[in-house]
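For reference, the structure is listed below as structure tokens.
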Amino acid sequence: MDITLVQGDITTQEVDAVVNAANSSLLGGAGVDGAIHGRGGPEILEECRRLRASSHRGGLPTGQAVATTAGRLPARWVIHTVGPVYAPGEDRSALLASCHRESLRVADELGARTVAFPAISTGIFGWPMADAARIALETVSAAETSVVEVRFVLFDATAYGTFNDLIMKFARKS
Ligand code: AR6
């Protein structure tokens with residue numbers, strides 16, 4: 001699997017699936033979630049509401065993932081996952097790793113070969129970028145998946161730089 005990095009907006013990515021940093025309600029929010037629903041249009045929310053009325057009555061638990069249409073986005077699917085809120089006194093890294101693993105598992109079920117991830121939990125949920133980048137890159141590199149490209153889409157130059165520095169370190173070690 002290739003791991004690639006781009007700086008930009010995840011809603012413009014031409015990939016099979018984009019991962020949404022959602023919340024348990026699945027009914028939208030700010031940040032990436034707001035951008036995906038805003039640009040993808042109402043079909044995504046309609047499908048989220050159907051999930052809430054059927055398989056996901058209690059919402060989507062942290063660390064899990066579920067797919068919907070991508071509406072008007074260039075992608076075919078949105079894979080919604082719920083990252084953990086950062087808590088300095090508690091190690092929630094396993095949940096952040098699980099978001100990445102579960103999103104790739106759902107991608108495999110869909111037959112998605114190219115998947116774009118945002119830096120889950122690093123915005124409103126407050127996770128420090130360098131630590132989130134390490135967890136994301138380690139988890140994705142170790143995943144057994146048929147996905148051929150995982151593209152991390154970083155919103156700003158600082159986030160891009162943080163991911164890029166880590167990728168370089170990984171490359172030097174291997
Ligand atoms: N494309 C790529 N990255 C983006 C974009 C974009 N269009 N917009 C923001 N980012 P966040 P979280 C970056 O807050 O921390 C929502 O309300 C952003 O700079 O979107 O997991 C949900 O409904 C940051 O680095 O997600 C939840 O309630 C990263 O994406 C909550 O926020 C993630 O920031 C989830 O919080």
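Small disclaimer: the values here were computed from a predicted structure and weren't measured. Atoms within a ligand are numbered from 1 in the order they appear, just like the ligands themselves.
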Just which atoms of ligand 1 are under 4.0 Å from any heavy atom in [X]?
X      : result
Asn23  : 22 (C), 23 (O), 27 (C), 28 (O)
Ala30  : 16 (C), 17 (O)
Gly8   : 1 (N), 2 (C)
Met129 : 25 (O)
Asp33  : 22 (C), 23 (O)

Notebook entry, point to check: Does ligand 1 have any atom sitting under 4.0 Å from a heavy atom of Asp9?
Noted result: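 Flag set, Asp9 near ligand 1.
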Check: Are any of the heavy atoms in Ser121 under 4.0 Å away from ligand 1?
Finding: yes
In the protein, what heavy atom is nearest to [atom], and what distance, to one decimal place, separates them?
atom                    : answer
atom 20 (O) of ligand 1 : Val32 N, 2.8 Å
atom 36 (O) of ligand 1 : Phe125 CG, 3.4 Å
atom 1 (N) of ligand 1  : Ile10 N, 2.9 Å
atom 15 (O) of ligand 1 : Gly123 N, 2.8 Å

Next item on the list: Check which hydrophobic residues are tied to Val32 through side-chain heavy-atom contacts below 4.5 Å, counting indirect links as well, and list them.
Entry: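 Under the 4.5 Å side-chain rule, Val32 groups with Val6, Ile10, Val15, Val18, Ile36, Ile44, Leu73, Val78, Val153.
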Check: Which other residues end up in the same hydrophobic cluster as Leu51, if Ile, Leu, Val, Met, Phe, Trp and Tyr are linked when side-chain heavy atoms come under 4.5 Å apart?
Finding: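 Reading the cluster by chain and number, Leu51 sits alongside Leu26, Leu60, Val66, Val82.
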Next item on the list: Please indicate whether Arg76 has more than 12 foreign heavy atoms, meaning atoms of other residues, nucleotides or ligands, lying under 6.0 Å from its CZ.
Entry: no
Notebook entry, point to check: Above 12 or not: heavy atoms from other molecules or residues under 6.0 Å from CD of Glu109?
Noted result: yes
Is it the case that the side chain of [X] and the backbone of [Y] share a donor-acceptor pair, with hydrogens and angles ignored and the cut-off at 3.5 Å?
X     : Y      : value
Glu47 : Thr69  : yes
Arg52 : Arg57  : yes
Ser98 : Ala94  : no
Asp16 : Thr114 : yes

Do any N/O atoms on [X] end up under 3.5 angstrom from N/O atoms on ligand 1?
X      : answer
Gly126 : no
Leu154 : no
Thr122 : yes
Gly31  : no
Ala35  : no
Ile124 : yes

Note to self: I'd like to know if Arg105 pairs up with Asp108 as an ion pair, taking the criterion as any Lys NZ or Arg NE/NH1/NH2 lying under 4.0 Å from an Asp or Glu carboxylate oxygen.
What the structure shows: no
Next item on the list: Answer yes if a protein heavy atom lies under 4.0 Å from atom 18 (C) of ligand 1, otherwise answer no.
Entry: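 Neighbour list for atom 18 (C) of ligand 1 is empty of protein heavy atoms (cut-off 4.0 Å).
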Note to self: Let's go through Gln64 and Thr81 carefully: what are the C-alpha distance in whole Å and the side-chain angles of both, what is the deciding distance for side-chain hydrogen bond (donor to acceptor under 3.5 Å, both in side chains) to 0.1 Å, and is it a yes or a no?
What the structure shows: CA-CA 6 Å; Gln64 295 190 20; Thr81 190; over 6 Å; no
Next item on the list: Determine whether Ile135 and Leu154 fall in the same hydrophobic cluster, where Ile, Leu, Val, Met, Phe, Trp and Tyr are linked whenever their side-chain heavy atoms lie under 4.5 Å apart.
Entry: yes
Check: Under a 4.0 Å heavy-atom limit, does Ala21 contact ligand 1 with its side chain, its backbone, both, or neither?
Finding: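 The answer is both.
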Note to self: If you take the nearest heavy atom of each of Gly34, Ala22, Pro84, Ala119, which one is closest to atom 33 (C) of ligand 1?
What the structure shows: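 It is Ala119 whose heavy atom sits nearest to atom 33 (C) of ligand 1.
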Notebook entry, point to check: Between Phe152 and Phe163, does the ring centroid distance fall short of 6.0 Å?
Noted result: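 Yes, close enough.
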